[in-house]
There are 2 protein chains.
Amino acid sequence: MSVSTSQVKLRVLPSGRTRILDEAAKLFLSGGYGDTSLRDIASAVGIQPASIYHHFHSKEELFTEILRIGVEHTTRAFDEVTETLATTLRSLDPQETLLAHIEAHLIALFEHGPYTAANIVAFPVAPEAVKSAVVPIRDQYEQRWDTLLQSLATSGLLDPNLDVRMARRILLGSINSTIEWFTPKQYSRKKKDAQSVNDLANVMTTLVWKGIAR
Amino acid sequence: MSVSTSQVKLRVLPSGRTRILDEAAKLFLSGGYGDTSLRDIASAVGIQPASIYHHFHSKEELFTEILRIGVEHTTRAFDEVTETLATTLRSLDPQETLLAHIEAHLIALFEHGPYTAANIVAFPVAPEAVKSAVVPIRDQYEQRWDTLLQSLATSGLLDPNLDVRMARRILLGSINSTIEWFTPKQYSRKKKDAQSVNDLANVMTTLVWKGIAR
DNA sequence: GTCTATAAATCGATAGAC
DNA sequence: GTCTATCGATTTATAGAC
C-alpha cells in the first residue's frame with residue numbers, strides 16, 4: 001500500500017461538526033433519510049437537536065454532505081491506485097489493474113464505513129433535492145471507470161461484443177451490492193472462505209474477468 | 001413464452017385493497033418507508049387516510065405486504081421457468097438454463113414494477129420489524145438459486161475454485177442493481193444497445209458466464 | 001458553539017357516524 | 001368500506017440567552 005505525503009498526522013479528536021457527520025452517517029445508513037430524525041442524531045452525539053443547525057442549514061444539507069464525503073473517499077481511493085500503477089515499473093497486467101481498482105473501491109466501501117455505504121443503501125430512496133446534488137460527483141467517479149474499461153477495450157483485452165458502459169454499470173453494481181451481505185473479519189481465520197476485503201476483491205475480480213464457467 | 005392455464009381471466013378493476021397496495025408500492029419505491037406518509041398514499045388512491053386502516057392494521061403491515069408480494073412474484077417466475085425447462089425434451093444447456101432464470105428474474109423486476117423493485121431499493125433501509133418479517137421468504141427464493149448453481153457445480157460446469165454461495169450473492173446483486181439504471185424500451189429501435197429486458201438478460205448472462213475478458 | 005424554549009406543521013392511529 | 005373529526009406524539013426549524 002502506498003503512503004501518502006500526509007500520512008503522518010495527529011490523531012485529532014473529532015470536532016463537533018465531524019461528530020455530527022459520523023453519527024448521522026451511521027443512522028442514515030441503517031434507517032434511511034426519512035426514518036432518521038435530527039433528535040436521533042443529536043442524541044447519538046450527545047447534544048441538543050438545535051445545535052445541529054449551527055453546523056448545517058437543514059437536514060437535507062447534512063445528508064447531502066455525508067453522501068458527498070462518501071463519494072470523495074471513493075474517488076480519492078481510485079485516483080491513488082491509478083497514480084500508484086502509473087509509477088510502477090513492471091508491466092501492467094490488465095487483471096491486476098482491475099483487481100487493484102476493485103480492491104480500492106471495496107476498501108473505501110467497508111473501511112470508510114457509513115459515508116460510502118450510505119451512498120449505496122440510502123441514496124436510491126433519498127429526496128430528489130439530495131439526489132440532484134450528489135449525482136454530478138457520482139458521475140465523475142463513474143467516468144473514471146468508463147475510461148479505465150475503455151482503455152482495456154481499445155487494447156483488445158475485452159470481449160469486443162461488450163458494451164463498455166453497460167459492463168461498467170453491472171461491474172459497479174455487483175461490487176456495491178456486497179455491502180448487503182459481506183462483513184470483513186480481519187482477525188478470523190476459521191474458514192477458507194473470503195474473510196478479508198482483499199479476499200473478496202480477488203473473488204470479485206476473477207468472477208468479473210473470467211465468469212463462473214469452467 | 002409459456003402460457004399458464006389461468007392465462008384467460010377477466011380484467012378486473014382493482015379493488016380498494018389492491019389500489020392501496022399499487023399506489024403505496026410506487027411511493028415506497030421512490031421515497032422509501034419513512035418519507036412516505038399514509039396521507040400521501042391515501043391521496044394517490046383518492047381516499048381518506050383513515051380508510052387505509054380498514055384494510056391494514058398499520059403502516060408497517062402495509063409495507064411488509066408489498067415486499068411479500070414482490071418476493072412472491074419473483075419466486076413464482078423462477079419456479080415457472082424450472083418447470084418449463086424440466087418438461088422440455090431437448091437437452092439442457094447450462095448457459096441457456098442460466099439465461100432463462102436470469103430473464104425470469106429481470107421480467108419480474110421490471111414488469112411487476114414497484115412490488116419487486118421495492119425489495120431492492122427500499123428493503124435495505126426498512127424498519128427492523130419489516131425486515132424480520134420478509135427475510136424468511138427472501139431466503140426461500142435465494143435457496144432456489146443456491147440449488148441451481150450447486151447442481152451446475154456438481155456437474156463440473158462451474159469454476160471449481162468458486163464458492164457457490166458467494167457466487168449466488170454476487171450474481172443476484174448484479175442482476176438486482178440493474179433496477180437503478182436500466183429502463184426497458186419495448187418499442188424503441190433507435191440503437192443497437194440493449195433495449196428490451198430480453199436483451200439485458202442476454203448481456204447479463206454472457207457476462208456472468210464468460211466474464212468480460214476476451 | 002451549545003443551550004432552553006417553542007413555533008408550526010405533519011405524523012400514525014383511533015372513534016364513531018353513515 | 002369509506003367518511004369526518006381529532007388525539008397525542010413527533011417532526012423540522014427558529015429565536016434568543018449564555
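None of the values given here were measured: they were computed from a predicted structure. Throughout, a chain's letter reflects where its sequence line sits, starting with A, and its residues are numbered from 1.
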Send over the distance from [X] [atom1] to [N] [atom2], rounded to a whole Å.
X     : N      : atom1 : atom2 : result
B/I52 : C/dC11 : CD1   : P     : 12 Å
B/L62 : C/dA13 : CG    : P     : 10 Å
A/Q48 : D/dA17 : CD    : C1'   : 15 Å
A/Y53 : C/dA5  : OH    : P     : 19 Å
A/E61 : D/dT12 : CD    : C1'   : 14 Å
A/E60 : D/dA13 : CD    : C1'   : 13 Å

Find the bend of the helix from C/dG1-D/dC18 to C/dC18-D/dG1 as the angle between its two terminal axes (five pairs each), to the nearest 10°.
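Rounded value for the end-axis angle: 10°.
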Let me spell it out: for each of B/S58 and A/A50, pick the nucleotide of DNA chain C with the closest heavy atom. Which residue's pick is nearer the 5' end?
A/A50
Whether A/H54 contacts C/dC3 is assessed here as follows: a side-chain N or O lying under 4.0 Å from the phosphate OP1 or OP2. Is that the case?
no
Within the pair B/H55 and D/dT2, is there a side-chain N or O less than 4.0 Å away from OP1 or OP2?
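So the side-chain polar atoms of B/H55 do come within 4.0 Å of the phosphate oxygens OP1 or OP2 of D/dT2, strictly under.
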Close side-chain approach of A/F56 and A/I20, heavy atoms under 4.5 Å
yes
Heavy-atom side-chain contact between B/D22 and B/Y115 under 4.5 Å
yes
Can you list, in residue-number order, the parts of residues 23-47 of chain A that come under 4.0 Å of DNA chain D, counting heavy atoms only?
A/T36, A/S37, A/L38, A/R39
With under 30° as parallel and over 60° as perpendicular, where do the rings of A/H112 and A/H73 fit, or are they tilted in between?
parallel
Hey, are B/E72 and B/R68 close enough for a salt bridge, meaning a charged N less than 4.0 Å from a carboxylate O?
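Salt bridge flag = yes for B/R68 with B/E72.
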Starting at the 5' end of DNA chain D and moving along, which residue's nearest nucleotide shows up first, B/S51 or A/P49?
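Of the two residues, B/S51 wins.
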Trace of the side-chain hydrogen bond (donor to acceptor under 3.5 Å, both in side chains) decision for B/D40 with B/S37
CA-CA 5 Å; B/D40 294 335; B/S37 69; 3.1 Å; yes
